[in-house]
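What follows is a set of notes on a single structure, which appears directly below.
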Amino acid sequence: MAVTMADITKLRKMTGAGMMDCKNALNEANGDFDGAMEIIRKRGQAIAAKREDREASEGCVLAATKGDFAAIVALKCETDFVAQNKDFVALTQLILDAALENKPADLEALKALTIDGRSIADLIVDRSGVTGEKMELGFYESVQAPSTIFYIHPGNKLATIVGFNLPEVEYQVARDVAMQVAAMNPISVSRDEVPADVVAKELEIAKDKARQEGKKEEMLDKIAQGRINKFFQESTLLEQAFVKEPKESIQQYLKSHNKDLTVTAFKRITLNAE
């Protein structure tokens, strides 16, 4: 059966595969579209299996909000060339839309969601067959709060989401906080949320440094406590200096707009080395 350009174009639109891949699949399937799609899918599975040990260090990170729910997803690939491809970005957006609609609990639950009868995991494998690269859904994070905001840094390599304790937070205030998270990479919202083992490690580091400086042993605890306070000021969101106005903390910035306003949670995903 002769394969027409219209058939090739139709299959390309359905699968996103290249023109020659679509032509070859249609020829192999004797013009049957379902058969051709299955051939392309099997090619994706073969590529995914063959390149399993490759590193997918590039990709696309997108975030969005829907009411009281915010999500970030990161679809990873091998090269920046593929990461910037409009179809790759569109697939990332499709996955993000599914996350916002269904609010999956974790990454595995997100992969299991179906779009047009196909699981997200299968769609990613299909796309791997198109690009010829290893692809994987690398990260998924979400926040649920009375008010949420997202920020995507230009280039789609870094995104943040933030939840607030009050509804209808002023947009610019919320965005400023989301950009703060992107720029300053805090480890928690407040000092109370810093894991105990992290605090213990920082205290020990502070004591060791003080010893090396020749401080007396009986002074080490007091010195370490002062230095851990500095650590909290640099590493926890509410205590960090506001990047736009370093003389005030994020907590002070929020209180200046509403005395009851605070951050309940945030998430930050980046594909950039830090």
Side-chain angles (χ1 to χ4, degrees), residues 55-78 80 82-115 119-121 123-124 127 134-165 167 169 171-190 193 235-238 240 243 250 262-274:
E55 182 180 4
S57 58
E58 293 292 340
C60 177
V61 184
L62 296 180
T65 64
K66 185 177 182 182
D68 64 352
F69 186 80
I72 311 178
V73 298
L75 184 59
K76 300 175 70 178
C77 58
E78 294 179 40
D80 194 49
V82 167
Q84 295 183 38
N85 180 274
K86 65 178 183 180
D87 290 332
F88 184 87
V89 176
L91 178 56
T92 310
Q93 184 65 54
L94 196 66
I95 295 169
L96 176 60
D97 291 344
L100 291 173
E101 187 64 32
N102 294 277
K103 301 179 181 179
D106 53 33
L107 184 63
E108 292 307 312
L110 177 57
K111 290 178 183 178
L113 294 178
T114 58
I115 300 174
S119 72
I120 286 175
L123 290 176
I124 293 171
R127 189 67 199 165
K134 177 181 179 179
M135 290 173 52
E136 62 186 13
L137 192 57
F139 302 100
Y140 162 66
E141 294 286 358
S142 64
V143 164
Q144 195 153 8
S147 184
T148 58
I149 189 75
F150 74 93
Y151 169 73
I152 303 172
H153 193 67
N156 295 342
K157 302 295 184 185
L158 165 65
T160 66
I161 50 177
V162 182
F164 299 88
N165 64 322
V169 175
Y171 173 77
Q172 191 57 55
V173 173
R175 182 173 172 82
D176 281 343
V177 176
M179 292 178 71
Q180 174 86 16
V181 173
M184 300 307 293
N185 192 19
I187 63 174
S188 67
V189 173
S190 67
E193 296 177 12
S235 304
T236 62
L237 177 60
L238 293 178
Q240 282 182 339
V243 291
I250 288 295
T262 192
V263 173
T264 59
F266 69 83
K267 299 294 181 181
R268 181 182 187 273
I269 288 178
T270 180
L271 296 180
N272 297 322
E274 296 187 63

Counterpart residues, side-chain contact (heavy atoms from CB on, under 4.5 Å), relative to [X] (two or more places apart):
X      : result
Ala183 : none
Ser57  : Glu55
Ala109 : Pro104, Asp106

> By salt bridge (Lys or Arg N to Asp or Glu O under 4.0 Å), which residues pair with Lys111, not counting sequence neighbours?
Replying inline: Glu108

> Got a sec, which residues hit salt bridge (Lys or Arg N to Asp or Glu O under 4.0 Å) with Glu101, two or more places apart in sequence or on another chain?
Replying inline: Lys66

Give the minimum heavy-atom separation between [X] and [Y], together with the two atoms involved.
X      : Y     : answer
Ala159 : Val61 : CB-CG1, 3.7 Å
Ala71  : Ala99 : CB-CB, 4.4 Å
Ala83  : Val89 : O-CG2, 3.6 Å
Lys267 : Ile72 : O-CD1, 3.7 Å
Ala70  : Thr65 : CB-CG2, 3.6 Å

Rounded at 0.5 Å granularity, tell me how far [atom1] in [X] sits from [atom2] in [Y].
X      : Y      : atom1 : atom2 : result
Glu136 : Leu107 : CD    : CG    : 9.5 Å
Ile95  : Ile115 : CD1   : CD1   : 6.5 Å
Leu62  : Leu96  : CG    : CG    : 6.0 Å
Ile187 : Leu237 : CD1   : CG    : 11.5 Å
Ile161 : Phe69  : CD1   : CZ    : 7.5 Å
Leu94  : Asp87  : CG    : CG    : 11.5 Å

>> Among Thr148, Thr264, Ile149, which residue satisfies the side chain to side chain contact (heavy atoms under 4.5 Å, CB included) criterion with Val162?
In response: Ile149

Whether the side chain of [X] engages the backbone of [Y] through a donor-acceptor N/O pair (distance < 3.5 Å, no angle test) should be reported.
X      : Y      : answer
Lys76  : Ala56  : yes
Lys157 : Gly59  : yes
Asn165 : Thr262 : yes

> So, do Gln180 and Val263 sit near enough that their side-chain heavy atoms are less than 4.5 Å apart?
Replying inline: no

> Can you check whether Val177 reaches Phe164 side chain to side chain, under 4.5 Å on heavy atoms?
Replying inline: yes

> After noting the C-alpha distance and the side-chain angles of Met184 and Val243, does the key distance pass the side-chain contact (heavy atoms from CB on, under 4.5 Å) rule?
Replying inline: CA-CA 8 Å; Met184 300 307 293; Val243 291; 3.6 Å; yes

> Run the side-chain contact (heavy atoms from CB on, under 4.5 Å) check on Thr236 and Ser188 step by step: do they pass?
Replying inline: CA-CA 5 Å; Thr236 62; Ser188 67; 3.5 Å; yes

> Checking side-chain contact (heavy atoms from CB on, under 4.5 Å) for the pair Leu91/Met135: CA distance, chi angles, key distance, verdict?
Replying inline: CA-CA 11 Å; Leu91 178 56; Met135 290 173 52; 4.2 Å; yes

> Can you pull the salt bridge (Lys or Arg N to Asp or Glu O under 4.0 Å) pairs that have at least one residue in residues 88-99, sequence neighbours excluded?
Replying inline: none

>> Using side-chain hydrogen bond (donor to acceptor under 3.5 Å, both in side chains), reason through Asp176 and Gln172 one step at a time and then give a plain yes or no.
In response: CA-CA 6 Å; Asp176 281 343; Gln172 191 57 55; 2.9 Å; yes

>> The test is side-chain contact (heavy atoms from CB on, under 4.5 Å); show your working for Thr160 and Phe266 and say whether it passes.
In response: CA-CA 7 Å; Thr160 66; Phe266 69 83; over 6 Å; no

